[in-house]
Novice: 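Quick one: the structure is below, and I'll ask about it shortly.
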2 protein chains.
Amino acid sequence: MNLEFLRSYLAVIRSGSFNAAARELGVAQPTVSQHVKKLEESVGHTLVLRSSSGCTIASKTEAFVRHAEALLRLADLAQNALHNPSILVGASSNIGTYLLQPYLKEFRDANQSRLALDVVLGPNPDIARKLEQGEIDVATMEWWDSRPGFVARTFRTEPLVVIAPPTHPWAKRSHISPAELLDQPMIGGELGTGTGRILQDILGSNAKHLRIVMSLGSTEAVKRAVRAGHGISIVFESAIADEVRSGALVVVPVRRAKIKKDLYVIHRRGLPQESIIVQFANGL
Amino acid sequence: MNLEFLRSYLAVIRSGSFNAAARELGVAQPTVSQHVKKLEESVGHTLVLRSSSGCTIASKTEAFVRHAEALLRLADLAQNALHNPSILVGASSNIGTYLLQPYLKEFRDANQSRLALDVVLGPNPDIARKLEQGEIDVATMEWWDSRPGFVARTFRTEPLVVIAPPTHPWAKRSHISPAELLDQPMIGGELGTGTGRILQDILGSNAKHLRIVMSLGSTEAVKRAVRAGHGISIVFESAIADEVRSGALVVVPVRRAKIKKDLYVIHRRGLPQESIIVQFANGL
DNA sequence: ACACGTTACGGCAACCGTAAGGATT
DNA sequence: AATCCTTACGGTTGCCGTAACGTGT
């Protein structure tokens with residue numbers, strides 16, 4: 001598939017004429033015919049319905065037009081990407097929302113150059129997929145399964161806390177025992193964040209008796225559910241600083257158990273040390 | 001820019017070696033050298049840092065790697081698009097959420113063929129941009145500014161209603177006069193939906209005295225804000241059927257004023273009548 | 001008859017592979 | 001010396017433009 005062919009093809013579709021397309025592109029008209037023909041041969045499908053009074057797209061090839069336009073647009077973007085350097089950071093929603101922001105500001109200030117620094121948030125599995133498919137340059141996540149071709153580093157070990165509404169009986173307790181977690185209805189956070197595994201470390205095989213009464217897509221939603229009295233939950237300590245200060249939520253310490261989660265920063269293997277990506281990852 | 005060159009380039013980056021890339025692609029090694037060189041010439045930038053012990057990407061070209069991978073992925077998608085026909089429908093959030101769903105089901109049932117029918121929701125201006133740039137095949141929106149190259153049709157005229165919380169003084173009124181709207185704090189919906197223009201039709205130049213106390217991104221958020229007593233609002237009648245039935249919101253009729261909004265379906269000009277897009281648009 | 005797209009064909013550039021040439025370890 | 005990438009070069013292919021050829025209005 002040749003991008004010039006696509007350009008001719010789209011010009012024909014837009015203008016409705018091989019002739020007009022040729023003028024628009026500044027080539028001879030038979031060249032456009034040839035381009036479209038070659039393109040049709042390469043995809044094995046008729047793309048343009050020829051007619052003396054205006055050419056149209058063939059039925060069921062609507063999606064191809066869309067993709068072709070996206071391809072040319074993306075080719076332009078790729079060119080620009082070299083003149084306006086940018087990196088795309090993927091982050092699990094929790095990390096991106098509560099932990100990454102100060103570092104982003106710091107990193108951007110340190111690289112005072114006009115570096116575009118974009119962040120995409122999403123569920124951990126989505127971020128992992130995006131990294132693997134090259135949609136993002138570097139990822140910060142709550143787990144990593146050491147896939148080949150990538151370098152992962154624990155950049156932080158973040159404490160987790162049990163939260164409850166201030167009206168909860170536990171609010172007056174100085175601490176609880178791990179086993180007591182099994183008695184309470186619990187709100188689960190976003191799936192695939194590895195919190196289940198951490199609870200297994202503390203509770204052993206009893207973990208399967210946890211009563212997860214609902215599972216919500218974001219920590220903000222979890223916090224609201226806990227405040228509404230639906231149950232307790234376990235979240236990043238840094239995610240509930242405001243609510244604890246205002247008294248909307250209380251933290252319940254768990255005896256003899258430091259609940260914490262390792263956070264990973266991951267990028268492709270084989271990047272040079274000077275790479276902005278490596279600098280971003282190492283600076284975390 | 002040549003897709004084969006990109007393929008060689010990415011193979012070099014992945015494997016860290018021109019030799020390995022050549023083996024992987026089943027071509028001679030100098031060919032890969034040539035590909036990378038040509039690519040670098042075409043973009044005017046060194047892309048690969050050569051070294052006897054593993055090649056790496058050049059600094060500040062991280063974004064180019066990402067784009068290159070996206071390009072090849074998209075080229076594959078374009079191919080598949082011909083074998084698995086699909087159309088992408090863009091819809092303003094309101095329409096997509098409250099009005100489009102029944103028709104989507106109906107249309108999909110009518111075209112029992114395995115047609116992929118995807119919908120992207122978004123603010124009206126975003127949808128318009130996506131349509132213009134060919135990211136979507138057909139759009140349903142709350143306005144249309146008759147841009148050239150597109151066909152628009154009013155597919156529906158949808159009534160709007162004034163909503164208030166059941167505790168509001170208006171809840172007991174049989175109707176209000178248009179001028180009374182100026183006295184009440186009002187919650188604005190998503191920007192760019194054309195509701196402002198409609199209020200101007202009713203209120204004339206007084207519309208500028210409306211007290212829009214907050215503007216929220218979605219009708220769901222607007223409904224919650226009204227229920228919480230932040231003010232009144234104007235929304236699609238069909239968006240609040242549930243809340244009216246349950247008594248969570250009340251509808252306040254406006255005397256001598258039919259508030260309604262024309263809804264448009266838009267697609268590229270020059271599609272054949274048999275096109276699935278045209279069928280979708282005409283069936284609405 | 002005219003306008004439009006297709007086919008035919010020749011010149012030229014681009015591409016690929018083989019072989020030889022540096023550079024680094 | 002071995003490995004790796006680059007350069008050089010010839011054969012082949014592919015691409016573009018001109019010109020001639022169908023076809024539908």
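Every chain is numbered from 1, with letters handed out A, B, ... down the list of sequences.
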Novice: So which protein N/O to nucleotides 17-22 of chain D N/O distances come out below 3.5 Å?
Specialist:
from	atom 1	to	atom 2	distance (Å)
dG17(D)	OP2	Ala28(A)	N	3.1
dG17(D)	OP2	Thr31(A)	OG1	2.6

Novice: Would Arg73(A) and Gln133(B) count as a side-chain contact (heavy atoms from CB on, under 4.5 Å) if you check the C-alpha gap in whole Å, the side-chain angles of each, and the deciding distance to 0.1 Å?
Specialist: CA-CA 9 Å; Arg73(A) 200 161 39 238; Gln133(B) 301 197 351; 3.5 Å; yes
Novice: Taking atom C1' of dC5(D) as reference, at what distance in whole Å does atom NE2 of His35(B) sit?
Specialist: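 Whole-Å distance recorded here is 15 Å.
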Novice: The test is salt bridge (Lys or Arg N to Asp or Glu O under 4.0 Å); show your working for Arg7(B) and Glu4(B) and say whether it passes.
Specialist: CA-CA 5 Å; Arg7(B) 218 178 294 280; Glu4(B) 293 309 310; 3.6 Å; yes
Novice: Checking side-chain polar atoms at under 3.5 Å, does Ser59(B) have a donor or acceptor matched by the opposite partner on Glu274(A)?
Specialist: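 No, Glu274(A) and Ser59(B) have no side-chain donor paired with an acceptor closer than 3.5 Å.
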Novice: Over all strands shown, is Ser33(A) touching base, sugar-phosphate only, or nothing at heavy-atom distances under 4.0 angstrom?
Specialist: base
Novice: Please determine, by modelled atom types, if Glu40(B) and Thr46(B) share a side-chain donor-acceptor pair under 3.5 angstrom.
Specialist: no
Novice: Start at the 5' end of DNA chain D and walk down; is the nucleotide closest to Phe5(A) or to Ser17(B) reached first?
Specialist: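 It is Ser17(B), whose closest nucleotide lies nearer the 5' terminus.
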Novice: Could you state the atom-to-atom distance from CD of Glu4(B) to P of dC15(D) in whole Å?
Specialist: 12 Å
Novice: Once you round it to whole Å, what is the distance between C1' of dT3(D) and CZ of Arg50(B)?
Specialist: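 Those two atoms, CZ and C1', are 17 Å apart.
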Novice: In whole angstrom, give the distance that lies between atom CG of Leu49(B) and atom C1' of dC5(D).
Specialist: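 The distance from CG of Leu49(B) to C1' of dC5(D) comes to 14 Å, rounded to the nearest Å.
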Novice: Side chains of Leu25(A) and Thr31(A), heavy atoms from C-beta outward: is any pair under 4.5 Å?
Specialist: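 Of all side-chain heavy-atom pairs linking Thr31(A) with Leu25(A), none is under 4.5 Å.
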Novice: Select base, sugar-phosphate, or nothing to describe what Ser53(B) touches, counting heavy atoms under 4.0 Å on all strands.
Specialist: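 The answer is nothing, as Ser53(B) stays clear of every strand by at least 4.0 Å.
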Novice: What is the ring orientation for Trp144(B) with Phe150(B), classed by angle as parallel under 30°, tilted 30 to 60°, or perpendicular over 60°?
Specialist: perpendicular
Novice: Whether Lys260(A) and Glu158(A) form a salt bridge (side-chain N of Lys/Arg under 4.0 Å from carboxylate O of Asp/Glu) is what I want to check.
Specialist: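 No, no charged N to carboxylate O under 4.0 Å.
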Novice: If the threshold is 4.0 Å, N to carboxylate O, is there a salt bridge linking Lys105(A) and Asp109(A)?
Specialist: yes
Novice: Is the NZ atom of Lys261(A) crowded by more than 12 outside heavy atoms at less than 6.0 Å?
Specialist: yes
Novice: Please find the earliest and latest nucleotides of DNA chain C, in the 5' to 3' direction, that have an atom within less than 4.0 Å of any heavy atom of chain B.
Specialist: dC15(C) to dT24(C)
Novice: Taking OP1 and OP2 of dC15(D), is either one under 4.0 Å from a side-chain nitrogen or oxygen of Lys38(A)?
Specialist: yes
